[in-house]
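Data block below; observations after.
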Amino acid sequence: MSLIDKTFSPADFEQRWYAHWETVGAFRPERPDAQPYTIIIPPPNVTGSLHIGHALDNTLQDVLIRWHRLNGRDARWVVGTDHAGIATQMVVERQLADSAQGTTRQQMGRAAFLETVWDWKRSSGDTITRQLRRLGASCDWANERFTMDEGFNTAVTRVFVKLFNEGLLYRDKRLVNWDPKFKTAISDLEVETREVAGTFTHIRYPLADGVKLADGRDHIIVATTRPETMLGDTAVAVNATDARYTSVIGKFVELPITGRRIPIVADDHADPELGSGAVKITPAHDFNDFEVGKRQGLAMINILDADARIIAAEGVPASYVGMDRFDARKQVVADLEALGLVELIETKTIQMPYGDRSGVVVEPWLTDQWYVNAGELAKPALAAVKSGATQFVPKTWEKTYFNWMENIQPWCVSRQLWWGHRIPAWYGPKITDHEGLKTDISSGDNHFFVAETEAEAIAQAVAYYGAKVGKVEVAASAFDVLRLTLDEARETGTSSTVHIYRDEDVLDTWFSSALWPFATLGWPENTADLARHYPGDVLVTGFDIIFFWVARMMMQGIHFMDDVPPFKTVYCHGLVRDAKGQKMSKSKGNTVDPLLLIDKYGADALRFTLTAMESQGRDIKLDEKRVEGYRNFATKLWNAARFCQSNGISASKSAQPPAANHPVNRWIIGEVAKTARGLEAAIAAFRFDSYADISYGFAWNRFCDWYLELTKPMLAEGADPDIAAETRAVSGWALDQILVMLHPVMPFLTEELWHKLGQRGHDLIVAEWVPADLPDDAAASADIEWLIGIVSEVRSARTELNVPPGAKLGYSVEGADTATAERLTANAAAIERLARIVPATTPATGGRLQLVHADATYALPLEGIIDLDAERARLAKAQATAVKERDSLAGRLASPGFTEKAKPEAVEKAREDHAARSAEAERLGAALARLG
RNA sequence: GGGCGCGUAGCUCAGCGGUAGAGCACUGCCUUCACACGGCAGGGGCCACAGGUUCAAACCCUGUCGCGCCCACCA
């Protein structure tokens, strides 16, 4: 216990307390018999640094974790970081490029590059976890995980192999979204559609063999936003019902520039209502056309390489080869114009697919990739939410989830990157009869072995080849998983030496993230942690990753954890925007750095702000003024504690309230109880804003503004020593409860004050929550509410009539019953102090200030001091208000519909209000009459 | 083209069947022995608009207008 400093300076103690908590293991106290409460953190990218969205997400989680820890639960916040495939590889590649040597990963080779990434991770990967500590996040750091640590790798491999063996994961050749910048496939979700100004080029395709359309024209018009794709066209589709074209179905067009003849086919994809009704078909570079191509058995001509440059495909003029797609686009249009085949070029807004990380236009590209049969896994994940086993809060997100899950597409999980979980598949030459062995990954003419370990893959290979060719010997040198290239394998021809190599690709980062809720707890081992902490109680995350992450965790969790979904509740919060409501982005320069806010106002103030602004179903517009306001609140609390300390108030002995006789003390105990119950309800309903409002209102507007003020005379010199002692005890207890109640949101400040106020047996972080069943004394409550009312009335009237604030006035009372008279006597000291009025020796007669409160009228003699006209006006206004409300209530009560149909409580309340308003109006009328 | 959300005091938002609330901002007074990052008192709202349901609507229903977001292969 030490003296509380005059100034509140959060930087002085925040980091000290955090280090203390972590050192003593306070984030995860031993509570083997307690009911577990588990939250798994959305693992931040290891490349990341704390942005305001993290601050929100983690503040909310910490509020929940700390609250449940205070409530006796075995609270565990599972923490770790995500390897973030593309993002991390990008960071390291950029560093390599910027380094003195200026090297690339290709130059380094895979092994050396990966070693560099790991080095980077070891040296810089803890930035964000250090920042989470600044925020106060009480995570279980002792068991921190990484999505590429050894255990995770085991889990990922197990999942891959198991899904493969179950037929839920397969290799397929189809169109993928190809990112030419990163040179990898990406999933549908990683593609974002942007509206851009583009052109829509209408091209004439000349009909071959002198064929003419019904209207006599010798060409078909097709339109495209990507003219260069015409180099890969293999058909023109028309609708079989379209009279304009029926005569040419089965005929051909001369594909310009390429000199190829391509068929005119009938397909429902062509909509007679749109454009010319005819569509160019490029099966290798358009998702719709791919489907048409499969239906019609068309050739698929790939015209692009991995960099999206034109290749020497069939019919592509040599001048195009090696040309960038956008240059090729211009060239195609120029060439067509030269041929007189451009019908029209429209300028219009078009939808273009971009890679969400690379920011370049993605290309549909035909490749072999690994896919997860998401449609199958989605079924139980959908059912789990439908049945309520997992609930979304706010509920509205369930619809979004359903809609996506019901229309889910195969999930492309392979990525042509190096940083990530390498796919546990090995390829060897596919055996074809009489041709010996032939190896070719790009043609798909190979056989693959999916296994958890290399040894197992070899065993499979031995079995496979052994069955076909008899005796197989595996030489260690022959089994080269890293160095053997495709071409070397091809050269092996019919040799009896079989080379097997491992898939070069890695898995989508989200493939491993999807296992986070159980792989972090030791799966696939059957650990005690897993049994105790799966499923998690609540997942707190932004709605923007419902598809990326939540849905996939649901799918994998249910599939691998015996049909138990990974969370009971999914709480989705909104985005943090700037004060104007704009999305924060680095390019706009409107980002708010949470660490700067912490430096300036303290972590508690930032946390309180984010908590207070988190109302369900809405984005947060963050204004620094709010943070400042809640810093002021922190200061207020600091000063209140300082005041208490200087008045001999200190740590309470017990979480149970001290015995109290005085109404003020009995009242505040009841108020603490009400507040605690309100906060419990707020947590149960995930109403973070409500938690902040209730705790703020109680601490400031009840405890500081009234309780501390009302008890000042009770602590003053000359006051009853018994009452003073009781008041000190109750004050200390109430202040402790405030610290407990605010701790989840403002952990640093409250812990600091907790210890400053006295010797404690334990830290606040592991204290007990406000006890249930606190006495709630209705009589004491009525007494104090009455007192607050009378003081407020007097102060209001004084201000309105410009009575000098310091002037102490005598009052006389009329109409007071015994109870009121007793209250006036019992609270005389408080009334004198706060309203500056004392009982008059003689009743007021002349000019006076009159006020009506409850059942009595009070008169303050102010002859010559106040303006009587002003007083008349004040009373008249009050009376008018009372009359208006009285009449309105009377009107309602007079309506038969109301008394017959309304709920009895509503009728009863209207009657009571009406009576009270009538009496008030009457008394105000009498007061006016007295003034003359 | 589907789906979702929002429009309440100057600003940011609660309230979601019984005739309007908070914080900030604003105005006046107060250098009162915890706090001026404070105290006390106050002004300010046809709850977007139009219909409907109801004894009663900011709150429920329908439509309109504005704003935002998500999903979707109109070539």
Side-chain angles (χ1 to χ4, degrees), chain A residues 4 6-8 193 200 202 222-226 229 237 269-271 273-282 286-292 350-351 353 364 394 396-397 399-400 402-404 407 543-544 546-547 574-575 577 579 581 583 601 605 609 612-613 615 617-623 625-626 628-647 687 689-690 692-693 696-697 701 704-705 708-709 712 716 791-792 795-800 802 804-806 833-834 836 885 888-889 892 895-903 905-907 909-910 913:
Chain A
I4 298 171
K6 191 164 164 54
T7 51
F8 162 63
T193 307
F200 197 44
H202 301 249
V222 294
T224 178
T225 57
R226 298 184 297 152
T229 60
H269 171 59
D271 183 346
E273 304 294 315
L274 293 175
S276 68
V279 194
K280 66 190 273 302
I281 301 296
T282 323
D286 182 282
F287 289 98
N288 286 319
D289 295 0
F290 180 72
E291 296 304 320
V292 175
I350 54 174
Q351 316 274 324
T396 166
W397 293 113
K399 256 182 212 159
T400 307
F402 291 149
N403 185 49
W404 189 70
N407 297 296
F543 65 81
D544 50 327
I546 289 177
F547 304 146
L575 258 45
R577 299 168 176 278
K583 203 166 168 174
Y601 302 105
T609 305
M613 298 186 80
S615 56
R618 212 187 244 271
D619 286 347
I620 290 179
K621 288 182 199 165
L622 184 65
D623 186 343
K625 297 287 281 181
R626 290 293 290 263
E628 189 186 331
Y630 290 121
R631 187 273 321 268
N632 295 351
F633 172 57
T635 309
K636 181 77 181 178
L637 198 64
W638 182 267
N639 281 305
R642 199 159 67 89
F643 167 79
C644 286
Q645 188 181 55
S646 69
N647 278 278
R687 287 308 303 253
D689 54 344
S690 171
D693 289 347
Y696 180 102
N701 304 128
C704 289
D705 289 351
L708 291 184
E709 295 303 328
K712 276 176 182 172
V791 168
S792 300
R795 294 209 285 217
S796 177
R798 289 178 67 123
T799 303
E800 214 163 321
N802 288 316
R833 188 186 158 81
L834 299 177
R836 303 197 72 76
E885 290 194 27
S888 159
L889 287 160
R892 206 195 303 176
S895 148
F898 179 67
T899 43
E900 283 160 24
K901 294 180 184 171
K903 281 175 291 191
E905 310 91 84
V907 177
K909 184 170 184 304
D913 290 351

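Remember, predicted model here, so these are calculated numbers, not experimental data. Numbered from 1 within each chain, the chains take letters A, B, ... in sequence-line order.
What separates CG of A:N701 from C1' of B:rC35 is a distance of 15 Å, to the nearest Å. Taking atom CG of A:L889 as the reference point, atom C1' of B:rG18 lies 10 Å away to the nearest angstrom. At whole-Å resolution of the value, OH in A:Y630 and P in B:rA22 are 13 Å apart. When the P atom of B:rG17 is taken as reference, atom CD of A:E905 falls 15 Å away, rounded to whole Å. Summarising the geometry, the separation between CZ on A:R626 and C1' on B:rA22 is reported as 9 Å, rounded to the nearest angstrom. As rounded to whole Å, 16 Å separates atom C1' of B:rC40 from atom CG of A:L708. Protein atom CZ of A:R577 is 14 Å distant from nucleotide atom P of B:rC6, rounded to whole Å. The CZ-C1' distance, from A:R836 to B:rG39, rounds to 13 Å in whole Å.
Under 4.0 angstrom from either OP1 or OP2 of B:rG42 there lies at least one side-chain N or O belonging to A:S796. Proximity of A:K621 to the phosphate of B:rC13: a side-chain N or O atom is located under 4.0 Å from OP1 or OP2. Under 4.0 angstrom from either OP1 or OP2 of B:rC40 there lies no side-chain N or O belonging to A:T799. The side chain of A:N403 places no N or O atom within less than 4.0 Å of a non-bridging phosphate oxygen (OP1 or OP2) of B:rC4. Between A:K625 and the phosphate of B:rC11, there is no side-chain N or O to OP1/OP2 separation shorter than 4.0 Å.
In the interface, the side chain of A:R631 is paired with the base of B:rC37 through a donor and an acceptor atom under 3.5 Å apart. For A:T635 and B:rC37, a side-chain-to-base donor-acceptor distance below 3.5 Å is present, hydrogens and geometry of angles not being considered.
Distance noted for atom P between B:rC61 and B:rG10: 28 Å (whole Å). Look at the C1' atom in both B:rG15 and B:rC6: the space between them is 15 Å, to the nearest Å. Taking the C1' atoms as reference points, B:rA72 lies 7 Å from B:rG1, given to the whole Å. For the P atoms, the distance from B:rC47 to B:rG39 is 32 Å, rounded to whole Å. For the P atom pair drawn from B:rC40 and B:rU32, the interatomic distance equals 14 Å after rounding to whole Å. Here the separation of B:rG44 from B:rA9, taken at their P atoms, is 15 Å to the nearest Å. Atom name C1', nucleotides B:rC49 and B:rC13: the rounded distance is 22 Å, in whole Å. B:rA14 and B:rA48 have their P atoms separated by 14 Å, with the value rounded to a whole Å.
With a cut-off of 3.5 Å on both pairing distances, the Watson-Crick or G-U wobble partner of B:rA22 is B:rU12. Both distances falling under 3.5 Å, in either a Watson-Crick or a G-U wobble arrangement, place B:rG68 opposite B:rC4. The nucleotide B:rC33 finds no pairing partner, because no Watson-Crick or G-U wobble arrangement with both distances shorter than 3.5 Å includes it. B:rC49 is paired with B:rG63 under the Watson-Crick or G-U wobble criterion, all donor-acceptor distances under 3.5 Å.
At the heavy-atom level, A:R618 lies under 4.0 Å from the strands shown only through sugar-phosphate atoms. Counting any heavy atom pair closer than 4.0 Å across all strands shown, A:D693 reaches no nucleic acid atom. Within 4.0 Å (heavy atoms only), A:E291 reaches no atom of the nucleic acid at all. Among the protein residues, A:N647 comes within range of no part of the nucleic acid, since none of its heavy atoms lies under 4.0 Å from any strand. At the heavy-atom level, A:G629 lies nowhere under 4.0 Å from the strands shown. Across all strands shown, A:A640 has heavy atoms under 4.0 Å from base atoms, whether or not it also approaches the sugar-phosphate. Heavy atoms of A:R687 sit under 4.0 angstrom from primed sugar atoms or phosphate atoms, though from no base atom. Using a 4.0 Å heavy-atom criterion, one finds that A:K909 contacts no nucleic acid atom at all. Nucleic acid contact class of A:K399 (heavy atoms, under 4.0 Å, all strands): sugar-phosphate only. Base engagement by A:C704 is indicated by at least one non-hydrogen atom pair under 4.0 Å involving a base atom. A:K636 comes within contact range of at least one nucleobase, with a heavy-atom separation under 4.0 Å. As judged by a 4.0 angstrom heavy-atom cut-off over every strand, A:E273 is placed among residues making no nucleic acid contact. Within 4.0 Å (heavy atoms only), A:S646 reaches no atom of the nucleic acid at all.
Geometric assessment of A:R892 against the ring of A:F898 yields a positive cation-pi assignment under the 6.0 Å and 45° thresholds.
Here the side chain of A:R577 pairs no donor or acceptor atom with the backbone of A:L622 at under 3.5 angstrom.
Closest approach of A:V907 to A:A902, counting heavy atoms only: CG2-CB, 4.0 Å.
The listed nucleotides are B:rA75, B:rU12, B:rC35; the one nearest the side chain of A:T225 is B:rA75. Considering only the side chain of A:N632, B:rG38 comes nearest among B:rC69, B:rC55, B:rG38. Comparing B:rG23, B:rC40, B:rC74 against the side chain of A:D705 picks out B:rC40 as the nearest. You'll find that the side chain of A:T396 is closest to B:rC4, out of B:rC35, B:rC13, B:rC4.
Aromatic ring orientation, A:W404 versus A:F547: parallel (interplanar angle below 30°, classes split at 30° and 60°). In this structure, A:W397 and A:F543 have parallel ring planes: the angle between them is below the 30° cut-off, well short of the 60° mark.
Positionally, the nearest nucleotide of RNA chain B for A:S792 lies more toward the 5' end than for the other of A:D286 and A:S792. Mapping A:V791 and A:A278 onto RNA chain B via the closest heavy atom, the residue that lands nearer the 5' end is A:V791.
Taken from CD1 in A:I281 to OG1 in A:T229, the straight-line distance is 10.5 Å, to the nearest 0.5 Å. Here the NE2-CG distance, from A:H269 to A:D286, works out to 6.5 Å after rounding to the nearest 0.5 Å.
In summary, A:D619 and A:K621 do not engage in a salt bridge, as defined by a charged side-chain N under 4.0 Å from a carboxylate O.
The aromatic ring centroids of A:Y696 and A:Y630 lie less than 6.0 Å from each other.
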